[in-house]
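Remarks on the structure that follows.
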There are 2 protein chains.
Amino acid sequence: MTFVLVVDDDPAILRTLSINLRARDYDVETAADGRSALQIVDERMPDVVLLDLGLPDIDGISVLKRLRAFTSVPVIVVSARSDPDDKVEALDLGADDFITKPFSIEELLARVRVTTRRSSVAEPALVVTVDDLRLDITESRAVRAGEEIHLTPIEWKIVETLARRRGRLVRQSELLHAVWGPGYERQTNYLRVHLASIRRKIEHDPSAPRIFVTEPGIGYRLLPEDS
Amino acid sequence: MTFVLVVDDDPAILRTLSINLRARDYDVETAADGRSALQIVDERMPDVVLLDLGLPDIDGISVLKRLRAFTSVPVIVVSARSDPDDKVEALDLGADDFITKPFSIEELLARVRVTTRRSSVAEPALVVTVDDLRLDITESRAVRAGEEIHLTPIEWKIVETLARRRGRLVRQSELLHAVWGPGYERQTNYLRVHLASIRRKIEHDPSAPRIFVTEPGIGYRLLPEDS
DNA sequence: AAGCGGCGTCAAGAACGCGTCAACACGGCT
DNA sequence: AGCCGTGTTGACGCGTTCTTGACGCCGCTT
């Protein structure tokens with residue numbers, strides 16, 4: 001998921017942007033001043049930064065400078081100042097775009113899409129390994145001892161849902177909801193059938209599953225990492 | 001020297017921009033309509049295109065679309081229309097920036113610097129080779145055993161998108177979004193038809209594809225490098 | 001010990017996705 | 001105007017995948 005950091009001292013703007021971005025499935029974090037913005041970037045590199053120039057502690061321009069000192073993360077400056085000189089300064093200091101308030105939320109979202117399109121955000125690979133088995137979730141690829149194993153779309157969805165909470169128990173209703181959507185929370189027979197085919201393809205002994213474990217009456221669990 | 005193509009139907013604007021850009025040591029060429037703009041791009045790929053939306057012959061949006069069909073040259077749209085919807089449309093169709101008239105010449109120059117700065121961190125030439133086949137993505141050339149193979153614009157876009165993630169799986173919705181833009185994520189039949197023609201031209205045995213592999217229900221994948 | 005619920009297995013039919021083809025629309029070019 | 005290349009759309013066959021229902025087993029409860 002694309003991670004966006006929004007920096008603005010106005011809580012109303014933070015709220016509006018967060019809501020709109022989250023509605024588009026972005027992962028959003030907010031900062032109300034320059035110091036915490038820099039800290040967040042340091043801890044958890046965003047895919048895009050929306051940066052207001054008027055901040056309470058450090059000047060927005062300085063934040064941009066410091067950002068550029070150690071990263072090339074895309075920055076879109078969002079500012080109330082419409083003076084061309086401000087724009088030129090920010091752009092020449094390394095900002096990727098500049099949009100003046102008030103702005104249309106649609107335009108902002110489009111500009112965010114442009115910058116992320118450019119860096120073509122690579123999802124962190126989600127990979128599960130057990131013995132000689134390798135499940136690459138993001139790639140939808142399963143390999144055991146060099147041998148390619150084919151899983152169907154529904155099987156991948158189930159494996160993915162379990163892998164995202166590896167080691168933890170996933171209730172039947174959650175699994176059903178995640179794979180088939182709302183309204184299927186009681187069709188536990190679907191799970192029985194599909195878990196069976198997954199095990200037939202993946203487990204060494206499908207009748208004594210070690211990787212995809214059943215918690216009777218509750219749900220399923222993917223074998224935790226043996227770290 | 002950086003080569004800029006300025007497209008506008010207003011001679012006064014062409015003149016102003018030319019003068020200002022040349023004063024900054026840019027190599028400038030101008031076009032007063034879409035047709036000649038496309039021709040210039042075809043003959044002598046610019047480093048940046050400044051594109052007005054109101055053109056006498058072809059609509060500026062159409063020019064952008066056709067440009068994007070065979071190149072990824074940076075495009076800054078320069079328009080009198082300030083309607084957010086116009087901006088969103090242009091940006092989603094592949095424009096890199098959008099600036100509304102009247103604008104400060106300094107701001108425009110700064111935005112030109114941003115886009116050239118970005119592309120100067122140039123991408124490596126993207127070439128795919130399989131056996132005696134050679135796909136030169138950036139050049140849009142396909143050759144097998146000295147024999148030139150012709151691919152259409154859409155076919156190139158598909159090949160390019162797959163080549164950029166060579167070996168990795170590209171989901172149908174991603175592919176559709178990359179080639180046709182937002183709103184086409186469900187038209188999987190497009191993919192079926194066009195993948196068929198690509199294979200007919202490229203695969204040794206189109207009925208048993210080795211290079212463009214289908215992952216049923218999920219997407220497509222370009223044969224990884226056998227390194 | 002019997003009953004019950006939950007689980008895994010199996011098989012058959014339905015539904016779906018893919019590849020293919022053909023017809024049509026559209027724009028450019030001669 | 002007519003032709004050509006390209007893209008879009010709908011239809012069809014085929015193989016795969018999903019759904020559905022039946023059945024037996026096991027462990028727990030009564």
Side-chain angles (χ1 to χ4, degrees), chain A residues 140 149-159 169-173 175-176 179-181 183-203 205-221, chain B residues 33-39 42 57-59 61-63 65-66 68-70 140 148-159 169-173 175-176 179-181 183-203 205-221:
Chain A
S140 297
I149 302 174
H150 175 74
L151 297 188
T152 71
I154 283 197
E155 287 161 11
W156 272 117
K157 273 236 169 181
I158 295 174
V159 171
L169 171 65
V170 181
R171 288 172 195 289
Q172 297 174 337
S173 58
L175 254 182
L176 286 161
V179 177
W180 280 270
Y184 287 78
E185 288 81 356
R186 279 161 220 292
Q187 305 286 336
T188 58
N189 48 327
Y190 288 15
L191 291 180
R192 297 209 296 278
V193 173
H194 289 287
L195 259 296
S197 18
I198 293 174
R199 285 166 172 159
R200 208 175 313 123
K201 294 174 182 178
I202 288 184
E203 297 272 359
D205 180 2
S207 60
R210 213 167 60 83
I211 306 174
F212 294 92
V213 185
T214 304
E215 299 285 350
I218 313 178
Y220 295 86
R221 173 203 313 277
Chain B
D33 57 78
R35 195 177 306 271
S36 40
L38 288 169
Q39 195 185 335
D42 197 37
D57 56 343
I58 323 174
D59 178 23
I61 287 289
S62 309
V63 175
K65 274 191 207 167
R66 298 209 212 159
R68 278 290 170 267
F70 68 99
S140 291
E148 192 93 16
I149 302 174
H150 173 73
L151 296 187
T152 72
I154 282 199
E155 287 161 13
W156 271 118
K157 268 258 173 181
I158 294 174
V159 171
L169 172 67
V170 181
R171 285 167 204 288
Q172 297 174 338
S173 58
L175 209 41
L176 285 161
V179 177
W180 282 270
Y184 287 79
E185 288 81 356
R186 278 161 220 290
Q187 304 286 335
T188 59
N189 49 327
Y190 288 16
L191 292 180
R192 297 209 297 277
V193 174
H194 289 286
L195 258 297
S197 16
I198 292 174
R199 284 166 173 159
R200 212 175 308 124
K201 294 174 182 177
I202 288 184
E203 295 273 359
D205 180 2
S207 61
R210 215 167 58 83
I211 305 175
F212 294 92
V213 184
T214 303
E215 300 285 348
I218 311 178
Y220 294 86
R221 173 199 314 277

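Computed from heavy atoms alone, side chains included, the values below leave out hydrogens, waters and symmetry copies. First the proteins, then the strands, lettered A, B, ... as listed; each starts at 1.
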Checking Glu215(B) side chain against Arg221(B) main chain: does a donor-acceptor pair fall under 3.5 Å?
-> no
Which whole-number value in Å describes the distance from Arg221(A) CZ to dC7(C) P?
-> 14 Å
Whole-Å distance, Leu176(B) CG to dG7(D) C1', equals 14 Å
Does Ile154(B) or Ile154(A) map to a spot on DNA chain D nearer the 5' end, using the closest nucleotide for each?
-> Ile154(B)
For DNA chain D, what residues of residues 186-200 of chain B have any heavy atom nearer than 4.0 Å?
-> Tyr190(B), Val193(B), His194(B)
Within residues 205-220 of chain A: residues closer than 4.0 Å to DNA chain D (heavy atoms) = none
Closest approach of His194(B) and Trp180(B), non-hydrogen atoms and distance?
-> CD2-CZ2, 3.6 Å
How many Å lie between CH2 on Trp156(A) and P on dC18(D), as a whole number?
-> 13 Å
Find the distance Leu151(B):CG to dG7(D):C1' and express it as a whole number of Å.
-> 15 Å
Give the rounded distance in Å between these two atoms: CD1 of Ile58(B) and P of dC26(C).
-> 18 Å
Starting at NZ of Lys157(A) and ending at C1' of dT17(D), how long is that distance when rounded to a whole Å?
-> 16 Å
Figure out the CZ/C1' separation between Arg171(A) and dC7(C), and round it to whole Å.
-> 18 Å
Would you mind reading off the distance between Arg66(B) atom CZ and dT6(D) atom P, rounded to a whole angstrom?
-> 14 Å
